[in-house]
Amino acid sequence: MQDVLTNTKKSKELYKRACELIPGGVNSPVRSFKAVESEPLFITKAKGSYIWDADQNKYIDYVCSWGPLIHGHAHPEATEAIENALAKGISYGASHENEIELAEIIIKHMPSIERIRLVNSGTEAVMTALRLARAFTKRNKIIKFSGCYHGHSDSVLSNSGSGIATLGLPSCAGVTKNTASETITLPFNNFHNVEMTISKFPKEVAAVIVEPVVGNSGVIPPEANFLKSLRELTKKHNCLLIFDEVITGFRLALGGAQNIYKIIPDLTILGKIIGGGMPIGAVGGKKEIMELLAPLGPVYQAGTLSGNPISVACGIATLNMLNEETYTYLESISSLLCESIKEINEETNNKVQINRVGSMFTIFFTGTRVYDYASSKKSNTKIFTKFFQNMLQNGIYLAPSQFEANFISTSHKEEDIKKTLAVYKQVISAV
Ligand SMILES: *Cc1c(COP(=O)(O)O)cnc(C)c1O
């Protein structure tokens, strides 16, 4: 194989410096490239579908900042919105009109949301949603699914895919037994198990929280009726259904996964795309639940930088650029990539599964279907590592873990896809 061996001397030096100051050299674990037995690249510049590292190597980027950049890097309209907002001050710690505008845009597309509160991250939004669910139902237990990630707060860290799966940690140290014992973790796509569990603890489950399309153990779509059955069951037992749409919100459709699968959750968590790459998170849902939040109700929640004018301006610009054509384009370009990969796999007889929903996809190195966390874990991470490294050396920047989603943006063009396919064809026969 004609490796375009990238020179990564500067990244290596920077990583060394970072390791002396920052735990593991990174500010979020999956960035370390540990799962792919490599050292992290340091990025100096990004534009459209491309990123450049400290050694001037150029890559086609399928990470897209882990999902927020649905229009690609440094989109002129998002950048302009940030510049305009910047000229009017960085943070007020007080209300401003754009908070209302962002709320209006989100609520227009997600009718399940009657009231919404902005926070600074998906993690924060999940913390608030769980507190609200417990306050509203006066119950304590939470059901989550293995391989679903809901941020790094104590209650939701068991079997949470993604970073934890990547690093092979069974669970998280520092979480008390009491907290962990209030969380029940069940396999995704197995409704029977949920039904049994809720009937075992009839008046104790406050909420079921789910990524409607899993992104955090690689992409895993829900099976027919799984989400609908969860909706009916939670309603029957008076517990809340929480959709964590931090990835899927505005990624799969304007109304998120709830629109595609026609489900009305009680609470929805948003993040990533609604900030267009700036830090943000949101929790929204039924008025009677949301109005338990302070200052109206007894559930306390606050944030010095919540509703930050720069984040909100970037979020508004990002959402305003989305329309039906956006999703038609994303579907066609994503389908071109993934269907062509499938054809190459058939020709070369590879044991590879490709899971895709809209513009999110994962290439799993396993011969069997991936429908939950356990089946994703059957993937051969040794082969994935080799595959990842070879793709990277040839200018294709995929998520540095077998258990992550890759993202396609509107700035990915047919020529990027063609280049990616040419590299894939070479690499897949070499690994
Ligand atoms: C990224 C993510 C979160 C956490 O959001 P942060 O902004 O990183 O705290 C929560 N849930 C899902 C589904 C995510 O993908």
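For ligands, and for the atoms within them, numbers begin at 1 and follow the listed sequence.
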* Side-chain heavy-atom pair Met290, Leu132 within 4.5 angstrom cut-off ->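 Side chain of Met290 against side chain of Leu132, heavy atoms only: contact under 4.5 Å found.
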
* Asked: Does the side chain of Leu130 come within less than 4.5 Å of Ile242's, by heavy atoms?
  ->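 Answer yes - side chains close enough.
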
* **Atoms of ligand 1, numbered as shown, that sit under 4.0 Å from any heavy atom of Ile247** =>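 Numbered from 1, ligand 1 contributes 15 (O).
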
* To do: Using a strict 4.0 Å cut-off to heavy atoms of Ser121, name the atoms of ligand 1 that fall inside it.
  =>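 Numbered from 1, ligand 1 contributes 7 (O), 9 (O).
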
* Would you check whether Asn216 reaches within less than 4.0 Å of ligand 1, judged by its heavy atoms? =>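 The answer is yes, since Asn216 has a heavy atom less than 4.0 Å from ligand 1.
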
* Look at ligand 1 and say whether Lys272 reaches it with a heavy atom at a distance under 4.0 Å. =>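 Per 4.0 Å heavy-atom rule, Lys272 contacts ligand 1.
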
* Asked: Do the rings of Phe226 and Phe188 sit parallel, tilted or perpendicular, given the 30° and 60° boundaries?
  ->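 Rings of Phe226 and Phe188: perpendicular, as their planes differ by over 60°.
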
* Asked: Among protein heavy atoms, which lies nearest atom 11 (N) of ligand 1, and at what distance?
  ->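 Atom 11 (N) of ligand 1 sits closest to the protein heavy atom Asp244 OD2, 2.7 Å.
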
* Asked: Does atom 5 (O) of ligand 1 have a protein heavy-atom neighbour under 4.0 Å away?
  ->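 So atom 5 (O) of ligand 1 has protein heavy-atom neighbours under 4.0 Å.
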
* To do: Decide yes or no on ring-ring contact (aromatic ring centres under 6.0 Å, His included) for Phe387 and Tyr424, but give the supporting numbers first.
  => CA-CA 9 Å; Phe387 167 74; Tyr424 180 83; 5.7 Å; yes

* May I ask you to check if ligand 1 and Thr123 share an N or O to N or O distance below 3.5 Å? =>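 Thr123 vs ligand 1: N/O contact under 3.5 Å present.
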
* **Contact (N/O only, under 3.5 Å) between Gly122 and ligand 1** =>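 Among all N and O atoms of Gly122, at least one is under 3.5 Å from an N or O of ligand 1.
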
Salt bridge present between [X] and [Y] (N-O < 4.0 angstrom):
X: Asp266; Y: Arg231; answer: yes
X: Glu232; Y: Lys228; answer: yes
X: Glu223; Y: Arg369; answer: yes

* To do: Would you kindly specify which portion of Glu211 sits under 4.0 Å from ligand 1, judged on non-hydrogen atoms: side chain, backbone, both or neither?
  =>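 The side chain, only.
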
